[in-house]
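Data block below; observations after.
To find a chain, count down the sequence lines: A is the first, B the second, and so on, and within it residues start at 1. It should be emphasised that the depicted structure is a prediction, and the values quoted were computed from it without experimental measurement.
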Protein chains: 2
Amino acid sequence: MSQTVDRALSILPLLAQGPADLGQVAERLGVHKSTALRLLRTLHEHGLVYRQEDQRYRLGARLFALAQEAVENLDVREIAHSHLVALNEQCGHTVHLAVYEENEVLYIDKVESRYPVRMYSRIGKPVAITVAAVAKLLLADLTEPERRAIAERLDYPMYTSRSVPNAGAFLKELAVVREQGWATDLGGHEESINCVGAPIRGADGRVVAAMSVSAPNVVVTAEELLTLLPLVRRTADTISREYSGTTPTKKA
Amino acid sequence: MSQTVDRALSILPLLAQGPADLGQVAERLGVHKSTALRLLRTLHEHGLVYRQEDQRYRLGARLFALAQEAVENLDVREIAHSHLVALNEQCGHTVHLAVYEENEVLYIDKVESRYPVRMYSRIGKPVAITVAAVAKLLLADLTEPERRAIAERLDYPMYTSRSVPNAGAFLKELAVVREQGWATDLGGHEESINCVGAPIRGADGRVVAAMSVSAPNVVVTAEELLTLLPLVRRTADTISREYSGTTPTKKA
DNA sequence: ATGGTCGTTGCAGAGAATGCAACGATGACG
DNA sequence: CGTCATCGTTGCATTCTCTGCAACGACCAT
């Protein structure tokens with residue numbers, strides 16, 4: 001909509017691939033050097049790009065600050081966190097919380113065995129959207145055409161022999177998940193790791209987030225992990241109720 | 001430099017404080033609603049803002065992707081990481097790596113006792129720049145006028161009774177650190193936690209990063225922690241050499 | 001039913017961004 | 001040591017884009 005802003009923002013993913021100098025930016029943007037310079041300067045003033053000693057530009061620190069604050073302000077995360085911790089204390093396994101946004105599935109919280117850690121390590125990386133239990137839960141709630149559109153657009157990497165192989169199988173899996181109200185990932189991402197997850201719903205019944213418990217085979221078998229399902233679902237439902245209760249438009 | 005881009009980017013920190021609707025954005029930006037709308041649309045197309053169901057805008061997922069890729073591309077981090085892990089295995093304590101950028105000190109890697117965790121949890125939060133060992137190391141390398149300018153601009157929160165209280169004390173501390181080539185934080189941030197750190201230098205001798213080892217009082221006393229200093233310095237020097245050796249302008 | 005709020009769109013004017021060309025700094029090479 | 005090439009930077013005139021306005025439509029509450 002705004003050409004200038006559009007160009008400026010296009011610089012960011014470009015620099016995400018690695019540092020670049022003015023000429024490279026101008027070329028890849030298809031504009032004159034002086035134009036690129038002014039755009040970069042503006043980005044620089046806002047801290048989104050940084051100029052290293054060799055005069056090349058790279059992404060700046062403010063991006064971290066923004067990403068950090070962004071995740072802090074997610075209502076679901078705030079409400080869910082204490083419940084995730086409690087669940088972790090009961091079962092001892094890793095607990096994940098994820099949301100869906102614009103064709104991406106995003107981990108927004110994680111509780112590790114020993115102490116809580118906000119886990120951003122996977123954020124931005126290609127999430128195993130075709131196999132992760134939370135991804136299935138989030139996608140299963142979309143409308144049928146949406147699901148189909150996404151399923152066809154995805155790649156289906158065979159992380160293991162049990163990974164979901166193609167769009168057909170994925171849609172079938174989503175239908176199952178949608179029906180039963182919970183999901184698993186039995187060695188589909190990493191051979192020895194199983195997950196079981198449940199959806200968190202808003203007041204209107206739509207899935208706003210998904211949570212899962214993960215554990216390696218060596219600790220508990222897949223069957224044993226499945227015995228946790230009632231607990232996981234109960235936790236998810238508790239969070240759902242609490243989330244639905246609060247007026248979403250509370251903050252100023 | 002570019003008014004349009006400037007306005008658009010000003011929206012991001014604004015949304016970082018929490019979701020806002022079109023009217024609020026327009027008002028706080030001092031522009032007409034239609035203008036704000038177009039800016040938001042452009043940001044939206046690039047995934048930097050997300051529109052939630054109640055039509056309010058908040059920061060988008062792409063920010064995470066960018067922040068993630070940004071940190072992945074830091075040469076120092078890549079080179080240092082394996083050394084940090086090795087150090088961690090030797091001493092068992094938490095190891096941090098940080099850089100300085102535009103008046104901010106930024107953790108870019110962390111190795112926890114049991115397994116490596118990229119630690120973004122502190123990123124974006126007000127880093128304890130006045131007390132952290134790594135912060136002292138990074139700031140100590142700046143020129144005298146720079147140091148003074150920053151020292152005066154900072155706040156000096158008294159996290160504990162041993163926190164650096166004011167600009168004068170801070171500058172004095174920086175001088176010491178600059179002289180001796182290493183730094184400590186003895187309970188200055190959290191009463192029971194001590195740190196000892198050393199600088200990582202580039203080929204020109206300038207400090208490009210800083211690393212530290214942290215441990216709680218209950219595990220080792222401050223004195224015991226200080227016995228690790230030679231090891232920490234040796235590790236930092238090793239990283240420095242390796243970093244200096246590689247041609248910084250290697251990547252395309 | 002009605003008034004109010006909020007998001008959205010088309011349009012004409014105005015202002016900002018663009019590309020050009022020239023300058024200066026830096027470094028490579030003969 | 002001098003020359004040439006490369007890259008970042010700046011001032012300026014032109015042009016195109018962005019802006020603000022006003023009107024419309026959707027939605028909600030009263």
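Ion pair D54(B)/R56(B) flagged as a salt bridge, since at least one NZ, NE, NH1 or NH2 atom sits closer than 4.0 Å to an Asp/Glu carboxylate oxygen. Classification of R62(A) and E104(B) as a salt-bridged pair holds, one side-chain N sitting under 4.0 Å from a carboxylate O. With respect to E144(A) and R148(A), a salt bridge is recorded, a charged nitrogen being found less than 4.0 Å from a carboxylate O.
Atom CD in Q24(A) sits about 15 Å away from atom P in dT6(D), given to the nearest Å. Straight-line distance from the CG atom of L37(B) to the P atom of dG7(C): 9 Å, rounded to whole Å. The NE2 atom of H44(B) sits 11 Å away from the P atom of dT8(C) (whole-angstrom rounding). Here the C1' atom of nucleotide dG19(C) and the CG atom of L39(A) are 13 Å apart, to the nearest Å. Rounded to an integer number of Å, the gap from CZ of R38(B) to P of dT17(D) is 14 Å. Protein atom CG of L22(B) is 7 Å distant from nucleotide atom P of dT8(C), rounded to whole Å. Look at CG on D21(B): it is 13 Å from P on dT5(C), rounded to the nearest Å. A straight line from CD of E27(A) to P of dT6(D) spans 14 Å, rounded to a whole angstrom.
Between the side chain of R56(B) and the base of dG7(C), no donor-acceptor pair of N or O atoms lies under 3.5 Å. R41(B) contributes no side-chain N or O that forms a donor-acceptor pair with the base of dG7(C) under 3.5 Å. Between the base of dC18(D) and the side chain of T4(A) there is no donor-acceptor pair shorter than 3.5 Å. Counting distance only, with no hydrogens placed and no angle test, the side-chain atoms of K33(B) and the base atoms of dG20(D) include no donor-acceptor pair under 3.5 Å.
A residue-by-residue look at M1(A) and Y57(A) shows that Y57(A) has its nearest nucleotide of DNA chain D further toward the 5' end. Between S2(A) and Q55(A), the one whose closest nucleotide on DNA chain D sits nearer the 5' end is Q55(A).
The shortest distance between the side-chain N/O atoms of S34(B) and the OP1/OP2 oxygens of dG20(D) is not below 4.0 Å.
Picking from dA17(C), dG20(D), dG7(C) the nucleotide with the shortest atom distance to the side chain of Q3(B) gives dA17(C). Distance from the side chain of H32(A) is smallest for dC20(C) among the nucleotides dT8(C), dG20(D), dC20(C).
In this structure, A151(B) and A167(B) approach most closely via the heavy-atom pair O-CB, 3.5 Å.
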